[in-house]
There are 2 protein chains.
Amino acid sequence: MTESTGTPTRRTEILDAAAELFARRGYHGVSIGDLGRAVGLTGPALYRHFRGKDAVLAEILLDISHRLLAEGTRRVAAAGDPRDALDALLRWHIDFALGNPALIVVHERELDNVPEPQRHEIRRAQRAYVEEWVGVLLRLHDLPEERARAAVHATFGLLNSTPHSAGALGREAMAALLHAMATAALTRAAGPA
Amino acid sequence: MTESTGTPTRRTEILDAAAELFARRGYHGVSIGDLGRAVGLTGPALYRHFRGKDAVLAEILLDISHRLLAEGTRRVAAAGDPRDALDALLRWHIDFALGNPALIVVHERELDNVPEPQRHEIRRAQRAYVEEWVGVLLRLHDLPEERARAAVHATFGLLNSTPHSAGALGREAMAALLHAMATAALTRAAGPA
DNA sequence: CGAATGGGTTAATGTTCATTAACATCGCCG
DNA sequence: CGGCGATGTTAATGAACATTAACCCATTCG
């Protein structure tokens, strides 16, 4: 979840467990003791790996926001035309959301609990990711920028709803459904006001 | 926000302030002291009006879930055909979300912090509200029930995204945009898998 | 060998918090 | 007038929590 490459280390073990717990109970609803217990340790052991509870959250959010942005940018650059780019963004975001529901939830909710040096960086990455979408949408359709941004945010709401409706649909069916709905919604957003 | 009729009382003042704070910082991120201060009192004054912090949250969620369900049911019953019913549901939900962003956020996130006798009742109302939508969708289009339910959840995600993108668009423009996007998404969800 | 280092543990420490107790004020009704 | 119920206040209580201290052991490496 946290490192695509490299050995699973204690750090990443903690990060993964923390993401799961933060998603389920919220940052303030999880104690250091909970965090330690989740990886078979006592609470204070965490300080051997992180400066504190908020540093864990910060690292989680930095990782998510950077991964979303990096791969989003990559896919847009690799796409032939805006239509392909939008499709690639959709597939990427849906894959990520279906594969990492906890991360999506934490990314959506917990920014305010990140301490200040890093909060800005996360915000920056989040905004850049949104702008990647907005840019593609504007190249694809003729609509006001503010409307495009609102449409993108609404689409994220749709795509990120996954964690809350675990789904009796299988993963593939859900992915296809979300793709279809989001495409229709975005296309319609570009239509007459 | 909390009582459509009747004098604004201390209770409702607290409930409104609490909803705002819970939405912004999360249930665990708000103290009794914060709650009191928000209405110009000290923390313990709250116990003259509620059994405890969780009772405040419970009352907020009971109110929201009941209001959503009651008006949703009313509008569906009043509608001529499924097409009108869906339109009425959309308008209702969008109006509610745009008019009460804090309530939508709390409703979405804080159910787990409600103590048990009431959690069930809230869940029941939430589910019934979803089923109202699912029923209309099934009457309107031919699609598997599970797919309809997933589509409704995704649509809620889209509509409830409002609070997170306050919007440089005006309220009316935003309402129209959400309505258009949601309709398109739901229509598409009913199409070929 | 032997010391340093990494990664654990259990005991403080000090804060914040929810809740309760004890006490005050005020308006109404007898 | 007198009392009482509603609504506040400040002080007390006890639990939970984040963080730090003090201590321990294994591995590595000189």
Side-chain angles (χ1 to χ4, degrees), chain A residues 2-3 6-61 106 109-119, chain B residues 2-3 6-61 106 109-119:
Chain A
T2 304
E3 282 194 0
T7 320
T9 158
R10 238 318 112 84
R11 270 182 75 82
T12 68
E13 220 183 327
I14 293 173
L15 288 167
D16 291 346
E20 213 65 46
L21 286 172
F22 290 160
R24 180 151 33 250
R25 311 216 290 263
Y27 178 74
H28 293 294
V30 179
S31 75
I32 294 279
D34 294 333
L35 250 32
R37 201 168 313 117
V39 295
L41 299 177
T42 62
L46 187 131
Y47 291 87
R48 299 291 171 195
H49 306 277
F50 297 93
R51 197 133 45 141
K53 191 181 164 190
D54 52 8
V56 177
L57 180 65
E59 186 150 333
I60 291 173
L61 285 196
V106 175
R109 298 184 181 176
E110 304 292 0
L111 180 60
D112 289 347
N113 294 311
V114 174
E116 203 22 278
Q118 297 130 322
R119 179 154 71 220
Chain B
T2 305
E3 282 196 359
T7 320
T9 158
R10 230 332 102 84
R11 272 181 74 82
T12 67
E13 222 184 323
I14 294 173
L15 288 168
D16 291 346
E20 213 66 45
L21 287 173
F22 289 161
R24 181 150 32 250
R25 311 215 292 262
Y27 178 74
H28 293 294
V30 178
S31 74
I32 294 278
D34 294 333
L35 251 32
R37 200 169 313 117
V39 295
L41 301 176
T42 62
L46 188 130
Y47 291 87
R48 298 295 171 194
H49 305 277
F50 296 93
R51 212 174 354 188
K53 192 182 164 190
D54 53 7
V56 176
L57 180 66
E59 187 151 332
I60 291 173
L61 285 195
V106 175
R109 298 183 181 177
E110 305 292 359
L111 179 61
D112 288 347
N113 294 310
V114 175
E116 203 21 278
Q118 296 130 323
R119 179 153 73 218

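In what follows, chains carry the letters A, B, and so on, assigned in the order in which the sequence lines appear, proteins first and then strands, with residues in each chain numbered from 1.
In this structure, CD on B:Glu110 lies 12.5 Å from CG on B:Asp54, to the nearest 0.5 angstrom.
Taking atom NZ of residue B:Lys53 and atom P of nucleotide D:dA16, one finds them 15 Å apart after rounding to whole Å. The interatomic distance linking B:Leu35 (CG) with C:dT16 (C1') rounds to 16 Å, in whole Å. B:Phe50 places its CZ atom 13 Å from the P atom of C:dT19, with the value rounded to the nearest Å. Computed from coordinates, the B:Asp54 CG to C:dT19 C1' distance equals 11 Å when rounded to whole Å. The interatomic distance linking B:Arg10 (CZ) with D:dG5 (P) rounds to 22 Å, in whole Å. One atom, CD1 of A:Ile32, and another, C1' of D:dT20, lie 12 Å apart when rounded to the nearest Å.
Here B:Arg51 does not reach the OP1 or OP2 of C:dT19: none of its side-chain N or O atoms lies under 4.0 Å away. In this model, the phosphate group of D:dC17 is not approached by any side-chain N or O of B:His28 to a distance below 4.0 Å at OP1 or OP2.
Side-chain contact between A:Gln118 and A:Glu59 is absent, with no heavy atoms from C-beta onward closer than 4.5 Å.
Between B:Ala19 and B:Ile60 the shortest heavy-atom distance is N-CD1, 3.7 Å. Annotation for B:Ala23 and B:Val106: closest pair N-CG2, 3.6 Å, computed over non-hydrogen atoms. The two residues B:Arg10 and B:Val39 come nearest to each other via the heavy atoms NH2-O, 4.1 Å. Heavy-atom minimum distance, A:Ala38 versus A:Leu21: CB-CD1, 3.9 Å.
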Pair B:Leu46-B:Leu41, side chain to side chain contact (heavy atoms under 4.5 Å, CB included): steps then yes or no: CA-CA 8 Å; B:Leu46 188 130; B:Leu41 301 176; over 6 Å; no
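Remark: A:Tyr27 engages A:Phe22 in a ring-ring contact (aromatic ring centres under 6.0 Å, His included) (not counting sequence neighbours). Remark: B:Asp34 pairs with B:Arg25, B:Arg37 by the salt bridge (charged side-chain N to carboxylate O under 4.0 Å, His left out) rule, at least two apart or across chains. Residues that satisfy the salt bridge (charged side-chain N to carboxylate O under 4.0 Å, His left out) test with B:Arg119, not counting sequence neighbours, are B:Glu116.
Residues from residues 40-48 of chain B placing a heavy atom under 4.0 Å of any atom in DNA chain C, listed by number, are B:Pro44, B:Tyr47, B:Arg48. Listed by residue number, there are no residues of residues 112-119 of chain A with a heavy-atom contact under 4.0 Å to DNA chain C.
The closest donor-acceptor contact from the side chain of B:Lys53 to the backbone of B:His28 lies at 3.5 Å or more, if one exists at all.
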What protein N or O atoms touch nucleotides 25-28 of chain D N or O atoms at under 3.5 angstrom, if any, and at what distances?
none

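Among the heavy atoms of the strands, none lies under 4.0 Å from B:Val39.
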